[in-house]
Amino acid sequence: MPQQDNLSGSNSTGIDPSVFFLTGIPGLEDLHLWISIPFCSVFTVALLGNCTLLYVIKREPSLHKPMFYFLTMLAVIDLVLSTTTMPKILSIFWFNSREISFNACLVQMFFLHSFSIMQSAVLLAMAFDRYVAICNPLRYTTILTNSVIAKIGLAALARAVLLVIPLPFLLRKLPYCGSHVISHCYCEHMAVVNLACANTRFNNLYGIIVALFIVGLDLMFISLSYVNILRAVLSLASKKEQLKAFSTCGSHLCAILVVYTPVVLSSIIHRFGHQVTPHVHILMANFYLLFPPMMNPIVYSVKTKQIRARVLLLVRGKSS
């Protein structure tokens, strides 16, 4: 019998396929080696930036405060998101290593979606931190104790796991009797659902509800926090006090824009950009996954005086 083409992904009767194939960036296969250069650069910056941030916060006692504990959580999440996807993406670009086992695909998808949900929760927690710091400064240390911060972190983890854990089990129940080729650089829920040869209405509905629930609810509470912060800041007497209060929120606002802007842009292009070529969709999907882990440590190093000072001391110490 003639051997079937791997990328046709046969296994025509298998409910649980042994393997999927990632396509990288469709239409730009000849440029994969060149595309890998910015991808690898972004990944390196993300790793170095977030590891440096964690090192500085751990070593500097003056940074052992609620805001920096939340920043530590954000850095860990960014590292997990980067390391979950980028090694496989680079192996596709460098070695054309497209094959991924079904179980590995589900694991990658679980970490990708759960830590993305945790990222949103931590940004919400940081908005709450700024709200308490500006609107209730005298009670700040009594409200945001280490115990409360730990509970917030555990609640963010529990919410993410509970919302994402059904996805792998739902995908396991679907038959994959057609192509096993995923038109993406990594295993994303809807990309895998699209390969199933069965009614996937429930999977589609569940994915949409979770996305709307997370982004909609978290953004609503973040917005409410900043409405109250704005009211409190504008009630301050002097311009100097107002600017000082606003400056404490600057890095967090930048982090919100860095995380949510690519997500919103990608969603708009996906929903309404029917004439947009597939490789643009894939590049945008990679952009919103890779851009925040690279930018968050840069934003906080530039915008936060305590971190900037410690990073500069670290750099000078290394160079001397």
Side-chain angles (χ1 to χ4, degrees), residues 42 45-46 48-57 60 62-79 81 118-141 143-144 149 152-153 156 215 218-265 287-288 290-315:
V42 168
V45 171
L48 289 175
N50 285 290
C51 287
T52 301
L53 206 56
L54 290 172
Y55 176 79
V56 166
I57 292 171
E60 180 51 51
S62 66
L63 299 180
H64 296 174
K65 298 175 182 177
M67 181 176 77
F68 299 106
Y69 290 144
F70 289 129
L71 184 53
T72 298
M73 294 180 197
L74 192 63
V76 171
I77 290 166
D78 285 341
L79 283 171
L81 286 174
M118 282 182 65
Q119 186 181 56
S120 183
V122 170
L123 288 175
L124 174 58
M126 294 171 89
F128 176 67
D129 168 81
R130 292 301 83 204
Y131 165 75
V132 175
I134 291 172
C135 300
N136 243 320
L138 298 178
R139 297 183 58 203
Y140 181 73
T141 53
I143 292 174
L144 283 168
I149 293 165
I152 290 172
V215 176
D218 289 358
L219 275 179
M220 183 183 75
F221 283 120
I222 288 171
S223 300
L224 284 173
S225 295
Y226 273 97
V227 166
N228 288 315
I229 287 170
L230 188 61
R231 285 176 179 168
V233 170
L234 293 177
S235 68
L236 296 173
S238 70
K239 290 285 183 185
K240 186 177 179 181
E241 288 176 326
Q242 290 178 359
L243 288 172
K244 185 179 178 182
F246 273 130
S247 68
T248 65
C249 301
S251 51
H252 180 246
L253 285 170
C254 288
I256 291 170
L257 291 173
V258 161
V259 170
Y260 283 112
T261 301
V263 173
V264 172
L265 286 175
F287 178 71
Y288 84 72
L290 299 174
F291 187 63
M294 178 188 71
M295 288 304 299
N296 282 333
I298 295 173
V299 165
Y300 276 94
S301 296
V302 171
K303 289 281 187 180
T304 308
K305 185 169 65 175
Q306 300 100 308
I307 293 177
R308 185 171 66 246
R310 296 305 304 175
V311 170
L312 287 173
L313 280 174
L314 184 65
V315 171

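Index from 1, following the sequence.
The two residues Ala46 and Leu79 come nearest to each other via the heavy atoms O-CD2, 4.3 Å. Nearest approach of Ala75 to Leu53, heavy atoms of both residues: CB-CD2, 4.4 Å.
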From CA spacing to verdict: side-chain contact (heavy atoms from CB on, under 4.5 Å), Ile307, Leu71: CA-CA 11 Å; Ile307 293 177; Leu71 184 53; 3.4 Å; yes
side-chain contact (heavy atoms from CB on, under 4.5 Å) evaluation trace for Leu257 with Leu253: CA-CA 6 Å; Leu257 291 173; Leu253 285 170; 5.6 Å; no
Stepwise side-chain contact (heavy atoms from CB on, under 4.5 Å) check, Leu81 with Leu290: CA-CA 8 Å; Leu81 286 174; Leu290 299 174; over 6 Å; no
Which atom pairs, one a donor and one an acceptor, fall under 3.5 Å between side chains of residues 120-137 and the rest of the protein, sequence neighbours left out?
unit_1	atom_1	unit_2	atom_2	d
Ser120	OG	Asp218	OD2	2.5
Ser120	OG	Tyr260	OH	2.5
Asp129	OD1	Tyr140	OH	2.4

Ignoring hydrogens and angles, write down the donor-acceptor pairs under 3.5 Å from the side chains of residues 291-298, residues two or more places apart or on other chains.
unit_1	atom_1	unit_2	atom_2	d
Asn296	ND2	Asp78	OD2	3.0
Asn296	ND2	Pro292	O	3.3

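Within the 4.5 Å cutoff, no side-chain heavy atoms of Ile152 are placed close to those of Met73. Put simply, the side chain of Arg308 reaches to within 4.5 Å of the side chain of Leu312, judged on heavy atoms.
The CD1 atom of Ile77 sits 4.0 Å away from the CE atom of Met118 when rounded to the nearest 0.5 Å. To the nearest 0.5 Å, the span separating CD1 on Ile57 from CG on Leu63 amounts to 6.5 Å. The line from CD of Glu60 to CZ of Phe68 is 9.5 Å long, rounded to the nearest 0.5 Å.
Centroid-to-centroid, the aromatic rings of His252 and Tyr226 come within less than 6.0 Å.
Residues passing the side chain to side chain contact (heavy atoms under 4.5 Å, CB included) test with Leu230 are Leu234, Phe246, sequence neighbours excluded.
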